[in-house]
S.K.: 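Submitted below is the structure of interest, expressed as structure tokens.
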2 protein chains.
Amino acid sequence: MSNFGRIASLRPPVAINLAERSAASSCGDCGARHHGMCDALSDEELIFLSGAAQHLSLPAGKLFMEEGEPAQYFYNVNSGTVRLFKALPDGRRQITGFAGPGHFIGLAGEMNMISAEAMEPVRLCRFSRAGLRSMLTEFPALERKLLDVAMHEIVLGQQQMLLLGRKTALERISSFLLSWAQRQEICGPGKLPRPHARLSLPLSRTDLADYLGLTIETVSRSLSHLKKQGLIEIPSIHEIVLLRPQALADIAEAAG
Amino acid sequence: MSNFGRIASLRPPVAINLAERSAASSCGDCGARHHGMCDALSDEELIFLSGAAQHLSLPAGKLFMEEGEPAQYFYNVNSGTVRLFKALPDGRRQITGFAGPGHFIGLAGEMNMISAEAMEPVRLCRFSRAGLRSMLTEFPALERKLLDVAMHEIVLGQQQMLLLGRKTALERISSFLLSWAQRQEICGPGKLPRPHARLSLPLSRTDLADYLGLTIETVSRSLSHLKKQGLIEIPSIHEIVLLRPQALADIAEAAG
DNA sequence: CGTGACATTGACTAGTATCAACCAAAGTGG
DNA sequence: CCACTTTGGTTGATACTAGTCAATGTCACG
């Protein structure tokens, strides 16, 4: 709201130079500055925060958090996309969500309850768990923000349970396309994208399958089916045009 | 700097006697006094809190929160069990979780994102959403507690997504039985119950099916199968004896 | 131009849903 | 008190969705 100004004039007592440099180079102009956690903080708070963070750059494919390992850190995504997943010993995998700029990773418990992997080159802020605790005490606004984010996470989880437990393959794909459009802010929450809206889809078919509880073959067939029906177009593997969003919505919610 | 303290205190000087009486009769000796939200508060805080709450008793089967309705209240369960679910227009239903003593219901958004129904006779504390906001400002410990609870909720949701997206019917049933044992505190978190542990199962087969993303027939068949294999016993519809928990765990996590 | 990774399409199979019969326990009413 | 109904659960036969296995296609890259 009022946080667009430069940070120069507001100074915390300690570690200023390092923190300020860090904040200037990595926080103030960060892609996530007005998303998620950081959006809940003022510029001066951010400078302080920045001192507690380590800034990491990871290559695509990097597994940086693994289910069952001791939980040492928590992360805030700056840029790129991360997949969160659980796996069974025989290799079956369920992606439980995707984390983009401003999203948190690794808040729960003494152990990591989930694995996290960069899908593209990713930049992250990393905090120690102890650091998180003191941050929460230091900045109560942060706690409120975290609670909001967690609530939203729960809602998304419930929607996904409905999808995984009760929807058919075609319904899953249709639901996914619409929710992904919302995620990309192509349309407002609860609204349909306009006809012919173009979606960029950084996921592989394997990711899609593991997110929707299907196989890649079924994903492929379902997409082909929607294409044949004239509801979507697939100009390239990572792009989908939603020709008739309303028709997709009808399938997604089994209306009519 | 932050909005901490901006919401005016609603401490009503006159209503204290009423509140105190209410706390004594309904909070201090409440079944949920040392669970969930209430466990985060001191006795005197609880007295205050009690003034903001309405105490409700609902019969089994009562639908008291409906997906899509404006979110007016939030609830804290005192006794009994509540099922939370989402449904599709054609009647398909997915139960996303169960709320027992100390659990919260209805924290997210302007609309209810989920429906809630009493499974047995249930006692609840009901708060207005405005009341919740002021409570959070008044008792920061509450916010921390809520965050903890929300985190746990997210972890459970992720486990359920793995179950719904990737496990077979037999694996789902086995997983469920073990997680239900943990819920009933028959064994510590992450531990197996002892052989021959007895589980009380207030759910109908329909609830079980809608929770596990199966049909009642498949639930029934899977239970029969486990019985035939000698892994469980079913002395009555609402009781199950876990004869060989380790074998169940092997199935649940597809080990071996 | 060949190679390898990823995606699509086809043929067949398996696991779960569906449809239907049967069963047991718990009311309900004459 | 006992037939009758209702409700919820189990078991069986069959159908169908999605999974598996395999061949083919496409595209990026050396």
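Bear in mind that the values here come from a model prediction, so they are computed numbers and not experimental data. Order of the sequence lines fixes the chain letters, A, B, ..., with proteins taken first and strands second; residue numbering starts at 1 for each chain.
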S.K.: Return the value, rounded to whole Å, for the distance between atom CG of B:Asp90 and atom C1' of C:dA17.
M.R.: 14 Å

S.K.: Could you give all pairs that pass the side-chain hydrogen bond (donor to acceptor under 3.5 Å, both in side chains) test and reach residues 149-163 of chain A, with sequence neighbours left out?
M.R.: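 Passing the test, one end in residues 149-163 of chain A: no pairs.
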
S.K.: Report yes if the distance between the aromatic ring centroids of A:Phe127 and A:Tyr75 is under 6.0 Å, otherwise no.
M.R.: no

S.K.: So which protein nitrogen or oxygen atoms get under 3.5 Å of nucleotides 13-18 of chain D's nitrogens or oxygens?
M.R.:
| unit_1 | atom_1 | unit_2 | atom_2 | d |
| --- | --- | --- | --- | --- |
| D:dA18 | OP1 | A:Ala169 | N | 2.8 |

S.K.: Among residues at least two apart in sequence or on other chains, which ones pass side-chain hydrogen bond (donor to acceptor under 3.5 Å, both in side chains) with A:Thr218?
M.R.: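 Only A:Thr215 meet the side-chain hydrogen bond (donor to acceptor under 3.5 Å, both in side chains) criterion with A:Thr218.
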
S.K.: With axes from five pairs an end, tell me the bend angle of the helix from C:dC1-D:dG30 to C:dG30-D:dC1, nearest 10°.
M.R.: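 End-to-end axis angle for the helix from C:dC1-D:dG30 to C:dG30-D:dC1: 30°, rounded to 10°.
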
S.K.: Rounding to an integer number of Å, can you tell me how far B:His225 NE2 sits from D:dG12 P?
M.R.: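 Distance check: B:His225 NE2 to D:dG12 P gives 14 Å.
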
S.K.: Tell me which pairs pass side-chain hydrogen bond (donor to acceptor under 3.5 Å, both in side chains) where either residue lies in residues 186-196 of chain B, with sequence neighbours left out.
M.R.: none

S.K.: Donor-acceptor pair, B:Asn112 side chain versus B:Glu66 backbone, under 3.5 Å?
M.R.: yes

S.K.: Within this structure, what is the CD1-to-C1' distance between B:Ile234 and D:dG8, rounded to whole angstrom?
M.R.: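 Going from CD1 in B:Ile234 over to C1' in D:dG8 covers 14 Å.
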
S.K.: Specify the separation, in whole Å, of atom CD of A:Glu217 and atom P of C:dT9.
M.R.: 12 Å

S.K.: Could you tell me if the side chain of B:Leu124 sits less than 4.5 Å from the side chain of B:Val77, heavy atoms only?
M.R.: yes

S.K.: I'd like to know whether A:Phe98 forms a side chain to side chain contact (heavy atoms under 4.5 Å, CB included) with A:Leu84, so could you lay out the CA-CA distance, the side-chain angles of the two residues, the decisive distance to 0.1 Å, and finally the verdict.
M.R.: CA-CA 6 Å; A:Phe98 302 97; A:Leu84 303 166; over 6 Å; no

S.K.: Report the distance from atom CZ of B:Arg205 to atom P of C:dA24, rounded to the nearest whole Å.
M.R.: 16 Å

S.K.: Between D:dG19 atom C1' and A:Arg93 atom CZ, what is the distance in whole Å?
M.R.: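 Computing the A:Arg93:CZ to D:dG19:C1' distance gives 18 Å.
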
S.K.: Heavy-atom nearest nucleotide on DNA chain D for A:Val219 versus B:Val219: which residue maps closer to 5'?
M.R.: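 This one resolves to B:Val219.
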
S.K.: Separation of A:Leu223 atom CG from C:dA7 atom P, in whole Å?
M.R.: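 Value for this atom pair: 11 Å.
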
S.K.: For the aromatic rings, using the six-membered ring if either is Trp, is the centroid distance between A:Trp180 and A:Tyr211 under 6.0 Å?
M.R.: no

S.K.: Side-chain contact test, heavy atoms from C-beta onward, threshold under 4.5 Å: evaluate it for A:Val241 versus A:Leu199 and give yes or no.
M.R.: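 A:Val241 does not reach A:Leu199 side chain to side chain.
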
S.K.: Show the distances under 3.5 angstrom between N or O atoms of the protein and N or O atoms of nucleotides 24-30 of chain D.
M.R.:
none

S.K.: On DNA chain C, check which nucleotide each of A:Arg166 and A:Leu203 is closest to and give me the residue with the more 5' one.
M.R.: A:Leu203

S.K.: Do A:Arg93 and A:Phe85 meet the cation-pi criteria used here (NZ or CZ under 6.0 Å from the six-membered ring centre, within 45° of the axis)?
M.R.: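 Yes; both conditions hold, so A:Arg93 lies above the ring face of A:Phe85.
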
S.K.: Just the rounded figure in Å: distance from C1' of D:dG9 to CD1 of B:Ile173.
M.R.: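 Between C1' of D:dG9 and CD1 of B:Ile173: 14 Å.
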
S.K.: Quick test of your reading of the model: are A:Lys227 and A:Glu233 salt-bridged, counting only N-O distances below 4.0 Å?
M.R.: no

